[in-house]
Protein chains: 2
Amino acid sequence: MLGEKQEQCSRYGTLASMSASGVRARVRAEMTEEIKTVARRHLATDGANLSLRAVARDLGMASSAVYRYFASRDELLTAMIIDAYNSLGAAAEAAAGQTAAGQDAASPAGAGHAAGAGRAAGAGRAAGRTGLERFLATTHAARDWALADPHQWALIYGSPVPGYEAPEDTVGPATRVVLLIAAVVRDAYGNGEIDDREPITGRYAEELAAVGEKFTPGAPPRLVGTAMSAFIHMSGAISAELFGQLRNSVDDDRRGFFEFQMRGAAHLIGLR
Amino acid sequence: MLGEKQEQCSRYGTLASMSASGVRARVRAEMTEEIKTVARRHLATDGANLSLRAVARDLGMASSAVYRYFASRDELLTAMIIDAYNSLGAAAEAAAGQTAAGQDAASPAGAGHAAGAGRAAGAGRAAGRTGLERFLATTHAARDWALADPHQWALIYGSPVPGYEAPEDTVGPATRVVLLIAAVVRDAYGNGEIDDREPITGRYAEELAAVGEKFTPGAPPRLVGTAMSAFIHMSGAISAELFGQLRNSVDDDRRGFFEFQMRGAAHLIGLR
DNA sequence: CTCCTTTGTGAGCACCGCTCTCTATCTAGA
DNA sequence: TCTAGATAGAGAGCGGTGCTCACAAAGGAG
């Protein structure tokens with residue numbers, strides 16, 4: 001909590017403010033957090049077209065004052081995207097039974113990728129649960145998180161904001177949940193729950209091998225591919241449900257249909 | 001082409017204009033089409049935040065004049081969404097080898113659902129191709145279409161426009177491609193390419209049975225479920241690629257990875 | 001105690017969706 | 001053929017937006 005503040009300051013303050021007083025940095029971080037909280041509330045009600053002026057109005061301050069904390073509306077959105085990724089990642093990791101050594105947003109800026117990989121690779125197996133159970137729990141947790149706050153899901157997995165190129169800060173948190181699924185799969189593989197008999201071919205297989213070597217060492221390329229495929233299927237299923245694609249087809253038992261799909265994805269991985 | 005104009009008029013004109021002169025209706029339809037063309041161009045460059053004023057400027061007319069053709073920005077977007085659905089549907093149907101009796105957007109308003117179902121169910125088997133081949137061709141066509149115009153894909157499969165509730169006119173075209181996939185699967189089932197040994201259970205199975213009875217009669221619920229699942233996986237895979245989710249993982253051979261995933265989806269259906 | 005960084009204000013610019021009034025034009029029917 | 005009415009466009013205007021800038025208060029650092 002306290003260590004986070006310094007980071008916030010260094011991210012949004014000027015370069016010379018590193019030696020600023022502690023109290024200044026703290027009130028600044030609190031203000032930053034307050035702005036994000038109000039913005040999150042607006043996002044939940046009004047949708048993706050977030051109005052900086054409306055947020056400032058709710059905070060009882062001039063709209064121009066917000067620009068002291070976020071250089072632009074895009075930067076505010078970026079901060080909220082990072083928070084959303086971390087919130088989803090934490091929820092999914094809790095369901096998977098990961099110890100989550102790096103917890104929430106405390107990973108140092110820039111090293112997020114490596115830290116995420118280390119966390120995902122380092123966690124052990126949850127007590128008494130099969131790989132399939134952990135996989136289903138993880139995907140259900142992601143769906144529950146999305147259903148609880150659809151706009152936050154849309155923020156990170158919907159169409160990107162026009163002209164919005166994902167900044168470097170987001171790539172770390174963004175990979176958190178897919179790395180988690182890969183870790184769950186790799187744990188199951190390590191426990192002998194999956195046999196990897198039919199290898200994959202093609203150029204993408206080499207890319208998958210490189211990705212696997214980097215983030216989930218010891219996992220064969222086919223497992224990396226099926227894990228990514230499962231993650232993509234999961235995000236597609238959640239988006240389809242949230243964005244109204246299931247209307248007039250599956251209206252009652254959407255949870256059941258989601259699980260049906262995720263069991264299929266698990267089957268492709270080799271989890272059963 | 002000509003029969004379409006009357007429909008455009010009846011959709012956007014006042015109710016009393018049904019008896020209007022043919023030339024009036026034609027120039028109105030041409031103007032409507034021109035607005036949509038310019039809007040589509042703006043969409044391709046600027047992204048989803050379409051500016052009515054900018055479109056009007058490009059057309060050399062006052063912004064208020066556009067409101068003679070589209071009651072609001074949302075209505076323009078709706079028209080473009082319908083066009084996008086139909087464009088994608090036509091591309092996918094062509095790849096699947098469907099005869100596409102209803103062609104483009106000529107289905108009468110309101111009866112779009114029934115017409116779509118009839119079209120999808122009525123088409124025969126493409127000469128000499130297996131169900132798997134047709135399925136892969138269809139999904140690749142959808143991906144190719146999306147890659148050629150990412151913003152149009154984002155328009156229909158990205159996060160819905162805030163406050164935008166999909167109007168009745170869109171549900172018909174929206175179901176076109178999923179019905180197509182269901183038809184491809186049902187054709188393969190009819191040809192004995194799929195065995196349906198393990199039935200599904202749960203409340204969603206009944207919903208799927210009802211959907212199947214309505215749109216693809218003769219197909220068992222499990223096939224309807226796996227076909228929908230495959231469609232969802234497809235849209236998820238395309239969205240993931242388009243929205244930058246694959247960055248730093250699969251960068252070279254994205255087509256190969258897509259096919260890998262679609263082969264997995266086909267495997268779950270029972271196509272092989 | 002003085003400097004200077006930081007924080008907040010309010011005016012202002014250009015743009016947006018949308019509404020309104022007004023005018024020119026063109027069609028339909030007597 | 002002439003007229004009444006529907007239609008298409010123009011332009012001003014309203015409230016909203018993101019963002020910039022000059023300026024004033026306030027606080028910590030030397």
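We use all heavy atoms of the structure for the numbers below, so side chains are in, but hydrogens, waters and symmetry mates are not.
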*Asks:* Looking at A/Tyr69, I'd like to know whether one of its side-chain N or O atoms comes within less than 4.0 Å of OP1 or OP2 on C/dG8.
*Replies:*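 Yes, such a contact exists.
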*Asks:* Please determine whether side chain to side chain contact (heavy atoms under 4.5 Å, CB included) holds for the pair A/Val250 and A/Glu241, giving the CA-CA distance in whole Å, both sets of side-chain angles, and the decisive distance to 0.1 Å.
*Replies:* CA-CA 9 Å; A/Val250 182; A/Glu241 178 174 348; over 6 Å; no
*Asks:* With sugar-phosphate meaning primed atoms plus P, OP1 and OP2, does A/Ser72 contact a base, only sugar-phosphate, or nothing at under 4.0 Å between heavy atoms?
*Replies:*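 The answer is sugar-phosphate, as A/Ser72 gets under 4.0 Å only of primed atoms, P, OP1 or OP2.
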*Asks:* Report yes if at least one side-chain N or O of B/Arg68 is closer than 4.0 Å to OP1 or OP2 of D/dA8; otherwise report no.
*Replies:*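 For D/dA8, OP1/OP2 do not have a side-chain N/O of B/Arg68 under 4.0 Å.
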*Asks:* Give one of base, sugar-phosphate or nothing for B/Leu76, where a contact means two heavy atoms less than 4.0 Å apart.
*Replies:*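 If one applies the 4.0 Å heavy-atom cut-off, B/Leu76 turns out to touch nothing in the nucleic acid.
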*Asks:* In this structure, how many angstroms lie between the P atom of D/dG16 and the CG atom of A/Asp46, rounded?
*Replies:*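 Going from A/Asp46 (CG) to D/dG16 (P), I get 14 Å.
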*Asks:* Taking atom C1' of C/dC16 as reference, at what distance in whole Å does atom CG of B/Asp74 sit?
*Replies:*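 Taking CG of B/Asp74 and C1' of C/dC16, I get 14 Å after rounding.
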*Asks:* Can you tell me if B/Trp153 and B/Ser239 form a side-chain donor-acceptor pair at under 3.5 Å?
*Replies:*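 Yes.
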*Asks:* D/dG18 P sits how many Å from A/His42 NE2, rounded?
*Replies:*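 My rounded result for the distance is 11 Å.
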*Asks:* Hey, does B/Leu59 reach any base, or is it just sugar-phosphate, or nothing, if we go heavy atoms under 4.0 Å?
*Replies:*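 Nothing: the residue B/Leu59, judged by heavy atoms under 4.0 Å, touches no strand.
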*Asks:* If you assign A/Arg53 and A/Met61 each to the DNA chain C nucleotide with the nearest heavy atom, which residue ends up on the more 5' nucleotide?
*Replies:*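 The residue mapped nearer the 5' terminus is A/Met61.
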*Asks:* Tell me, with the steps shown, if B/Met31 and B/Arg68 meet side chain to side chain contact (heavy atoms under 4.5 Å, CB included).
*Replies:* CA-CA 10 Å; B/Met31 196 68 212; B/Arg68 297 284 178 201; over 6 Å; no
*Asks:* Which one, C/dC18, D/dT20, C/dT19, comes nearest to the side chain of B/Ser64?
*Replies:*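 Ranking C/dC18, D/dT20, C/dT19 by closest atom to the B/Ser64 side chain puts C/dT19 first.
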*Asks:* Measure from CG on A/Leu52 to P on D/dC19 and round the result to the nearest Å.
*Replies:*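 About 7 Å, once rounded to whole Å.
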*Asks:* On the nucleotide D/dT17, are OP1 or OP2 found under 4.0 Å from the side-chain N or O atoms that A/Arg73 carries?
*Replies:*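 No.
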*Asks:* Quick one: B/Met31 CE to C/dT25 C1', roughly how many Å, whole number?
*Replies:*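 Spelled out: CE on B/Met31 to C1' on C/dT25 is 16 Å.
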*Asks:* Please work out whether the ring planes of A/His233 and B/His233 are parallel, tilted or perpendicular, with thresholds of 30° and 60°.
*Replies:*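 The arrangement is parallel - the two ring planes meet at less than 30°.
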*Asks:* Do the side-chain N or O atoms of A/Ser51 get closer than 4.0 angstrom to the phosphate oxygens (OP1, OP2) of D/dG18?
*Replies:*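 A/Ser51 to D/dG18 OP1/OP2: side-chain N or O found under 4.0 Å.
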*Asks:* Using whole Å, report how far CZ of A/Arg28 lies from C1' of C/dG8.
*Replies:*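 For the pair A/Arg28 CZ and C/dG8 C1', the rounded distance is 12 Å.
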*Asks:* Expressed as a whole number of angstroms, how long is the span from A/Asn49:CG to C/dG17:C1'?
*Replies:*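 It is 12 Å, rounded to the nearest whole Å.
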*Asks:* Would you tell me if any nitrogen or oxygen in the side chain of A/Arg57 comes within less than 4.0 Å of OP1 or OP2 on D/dT17?
*Replies:*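 Result: yes.
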*Asks:* Test salt bridge (charged side-chain N to carboxylate O under 4.0 Å, His left out) on A/Arg40 and A/Asp149; report intermediate values, then the result.
*Replies:* CA-CA 10 Å; A/Arg40 200 153 22 233; A/Asp149 202 336; over 6 Å; no
*Asks:* Write down the distance between OH (B/Tyr67) and C1' (D/dG13), rounded to a whole number of angstrom.
*Replies:*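 It is 14 Å, rounded to the nearest whole Å.
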